[in-house]
**Student:** 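This structure is in structure tokens; I'll ask about it shortly.
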Amino acid sequence: MMSCDSEEYTQLPYKESLLKDFRAWLVCCIRFFYGSCIFYGIMFDAGSTGTRVHIYTFMQQDSNRLPIVDNEMFQSVKPGLSAYADTPEKAGDAVRQLLDVAKSTVPHMEWKRTPVMLKATAGLRMLPPSKAHALLQEVQDVFEDSPFYVPADSVSIMDGTSEGVLAWVSVNFLTGQLYPNTRKSVGILDLGGGSTQITFLPKKTTKRFPVDYTARFSMFNTTYKLYTHSYSGNGIKAAQLAAIGALGSKAPEGKVFQSACLPKTYKGKISFGGLIYKVSGKPGGSSGYKSCYREMLKVVKGVIQEPDEMEDSWIYAFSYYFDHAVEAGLVDEARGGAVQVRDFRGKAKEVCNKVSMYNPDYPFLCMDLTYITCLLKSGYGFEEETVLKLTKKLHNVEASWALGATLSYFEHFSIV
């Protein structure tokens with residue numbers, strides 16, 4: 001297996017000038033060798049509840065074929081960058097911690113040619129622009145001080161549509177649906193802390209959807225027109241707070257917000273966006289699945305739109321869909337698995353109607369399972385027997401938009 005540091009490469013003219021230019025070096029790897037080229041990419045996912053780094057090792061065996069993800073190193077820290085809205089320097093410390101992981105993963109000789117990027121999602125989208133900018137500038141400064149290659153626009157806030165599209169790219173790439181002459185695809189459901197996305201390729205390309213529910217993009221010499229939408233404020237953490245009237249409260253520290261989804265005697269806290277909200281059950285009020293469902297329906301009704309033409313597609317669901325299914329015992333954490341919508345509903349009923357016997361490790365499980373059920377049934381309109389493939393990883397790679405974003409970047413440099 002060769003790399004661009006092989007003896008043949010060192011004899012090429014203009015070696016020194018090529019090494020100074022990242023794009024030229026990568027293109028060189030593909031064009032001058034018949035063997036494999038290995039390259040790396042570092043993508044930071046700055047989410048509402050945590051910051052994650054994805055360090056990908058790619059292998060390009062043929063310039064006419066798609067690359068292979070040979071390995072991914074994944075690490076995360078909590079809370080999300082938005083929690084440091086008033087102390088941006090702490091956000092820089094979190095990023096430095098994850099950059100150390102990248103340094104230990106990427107070979108030293110590859111640091112200067114390995115791009116490092118950060119894309120922020122709902123957490124920063126919900127902040128005042130001035131505070132979000134201060135956080136991004138802090139990250140930019142940390143990147144500039146790192147030994148890695150820092151592309152233009154390497155630090156940015158990603159809009160919800162791109163989040164859904166790139167997650168779709170990731171899952172379809174990993175399941176082999178984006179290779180030439182492959183006409184099948186799978187739909188994706190992503191549930192984050194601050195927002196949630198749905199993306200799929202409609203069966204009838206002539207059908208007209210609202211403009212803000214479609215996205216057209218080209219990748220791997222193919223143009224796709226997707227149904228995609230991101231619902232800001234409908235992520236699992238934001239929905240918890242919105243359902244009990246806490247989201248957007250200007251003085252959360254002085255009030256206790258009650259929920260029918262919690263045990264009547266429960267007292268606890270929800271942390272989100274750098275704020276801490278006190279919550280409790282309703283000592284003299286109703287509880288159980290029906291009461292909880294009515295509470296969560298307020299967050300979904302009139303907001304989530306029912307899509308057409310998705311019922312026959314394979315649907316992959318990840319992030320908090322997967323996490324809470326694991327907590328509820330619906331799927332194995334290591335293997336994932338397929339569940340029906342009815343399984344979420346059945347488990348929500350079981351947990352909520354025995355809420356006095358709740359697992360202290362998961363005090364919000366009734367609320368979370370009920371919200372997921374409400375989102376799937378009353379929001380997206382899925383049938384009880386609709387099957388969801390729940391996963392955290394595909395071929396040992398995290399299911400998220402990060403891989404799609406990294407592939408998109410490399411294609412811009414004519415690498416994939």
Side-chain angles (χ1 to χ4, degrees), residues 48-50 78-79 83 191-194 196 231 233-304 319-331 333 339-379 384:
S48 59
T49 58
K78 293 183 178 182
L191 182 58
T196 187
Y231 295 93
N234 283 89
I236 197 81
K237 300 299 181 184
Q240 287 178 343
L241 296 170
I244 58 178
L247 192 64
S249 174
K250 295 182 179 179
E253 68 280 357
K255 183 177 181 180
V256 177
F257 298 91
Q258 296 184 340
S259 173
C261 301
L262 297 171
K264 291 185 177 183
T265 59
Y266 177 79
K267 293 182 179 180
K269 298 176 181 179
I270 296 176
S271 298
F272 183 71
L275 298 176
I276 297 176
Y277 302 82
K278 294 180 180 179
V279 296
S280 73
K282 293 183 175 181
S286 60
S287 62
Y289 175 75
K290 289 184 178 180
S291 297
C292 184
Y293 198 93
R294 286 195 297 269
E295 200 170 272
M296 305 315 292
L297 188 61
K298 294 182 294 184
V299 187
V300 171
K301 190 174 182 179
V303 176
I304 306 297
S319 300
Y320 280 111
Y321 287 113
F322 175 84
D323 293 342
H324 295 313
V326 170
E327 293 171 2
L330 289 174
V331 296
E333 184 173 12
V339 301
Q340 294 181 326
V341 171
R342 71 169 82 250
D343 296 323
F344 271 116
R345 180 178 59 82
K347 186 60 71 169
K349 283 185 175 182
E350 177 185 328
V351 173
C352 292
N353 291 336
K354 295 180 180 179
V355 74
S356 61
M357 301 172 62
Y358 74 96
N359 185 334
D361 292 332
Y362 308 118
F364 298 95
L365 190 56
C366 164
M367 180 181 284
D368 293 334
L369 292 176
T370 302
Y371 177 64
I372 288 174
T373 303
C374 189
L375 182 62
L376 296 174
K377 287 179 57 64
S378 298
E384 291 268 291

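What you see is a predicted model, and the numbers here were worked out from it, not measured in a lab.
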**Student:** Would you say that L376 contacts Y321 through its side chain, given a criterion of any heavy-atom pair below 4.5 Å between the two side chains?
**Tutor:** yes
**Student:** May I ask you to decide if G285's main-chain N or O and K264's side chain share a donor-acceptor pair within less than 3.5 Å?
**Tutor:**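 Yes: the side chain of K264 pairs with the backbone of G285.
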**Student:** Main chain of R342, side chain of E384: is a donor-acceptor contact present, judged purely on distance under 3.5 Å?
**Tutor:**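 Absent.
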**Student:** Using every non-hydrogen atom in the two residues, find where M367 and E295 come nearest and quote the distance to one decimal.
**Tutor:** CE-OE2, 4.4 Å
**Student:** For the backbone of V299 and the side chain of N234, can you confirm whether one donor and one acceptor N or O come within less than 3.5 Å of each other?
**Tutor:** yes
**Student:** Is a side-chain N or O of D343 found less than 3.5 angstrom from the main chain of L330, in a donor-acceptor match?
**Tutor:**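 Between the backbone of L330 and the side chain of D343 there is no qualifying donor-acceptor contact (under 3.5 Å).
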**Student:** With the side chain counted from C-beta on, respond yes when V300 and Y371 share a heavy-atom pair under 4.5 Å apart, and no when they do not.
**Tutor:** yes
**Student:** If you take all heavy atoms of T370 and M296, which pair is closest and at what distance?
**Tutor:** CG2-CG, 4.0 Å
**Student:** Looking at L262, V256, V279, which hits side-chain contact (heavy atoms from CB on, under 4.5 Å) with I244?
**Tutor:** V279
**Student:** Is it the case that the side chain of K269 and the backbone of I276 share a donor-acceptor pair, with hydrogens and angles ignored and the cut-off at 3.5 Å?
**Tutor:**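 Checked: no pair found.
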**Student:** Could you check whether the SG atoms of C292 and C352 sit less than 2.5 Å apart, since that is the cutoff I want to apply?
**Tutor:** no
**Student:** Side chains of S287 and Y266: any donor to acceptor distance under 3.5 Å?
**Tutor:** no
**Student:** What is the minimum heavy-atom distance between K237 and T49, and which atoms define it?
**Tutor:** CG-CG2, 3.8 Å
**Student:** Restricting to side-chain hydrogen bond (donor to acceptor under 3.5 Å, both in side chains), what partner residues turn up for Q258, sequence neighbours left out?
**Tutor:** none
**Student:** Donor-acceptor check, side chain of S280 to backbone of K267, threshold 3.5 angstrom: yes or no?
**Tutor:**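 Judged by distance alone, no pair lies under 3.5 Å.
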**Student:** So, using side-chain hydrogen bond (donor to acceptor under 3.5 Å, both in side chains) as the criterion, who are the partners of Y293 when residues are at least two apart?
**Tutor:** S378
**Student:** On a heavy-atom basis, which atom in A246 and which in Y277 lie closest, and how many Å separate them?
**Tutor:** O-CE2, 3.3 Å
**Student:** Taking the side chain as C-beta and beyond, is there a heavy-atom pair between Y289 and T373 under 4.5 Å?
**Tutor:** yes
**Student:** Could you report the tightest heavy-atom contact between Q240 and D368, atom names first, then the distance?
**Tutor:**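 For Q240 and D368, the tightest heavy-atom pair comes out as NE2-OD1, 2.7 Å.
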**Student:** What are the two closest non-hydrogen atoms of A238 and G194, and how far apart are they?
**Tutor:**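 Closest heavy-atom pair between A238 and G194: CB-O, 4.0 Å.
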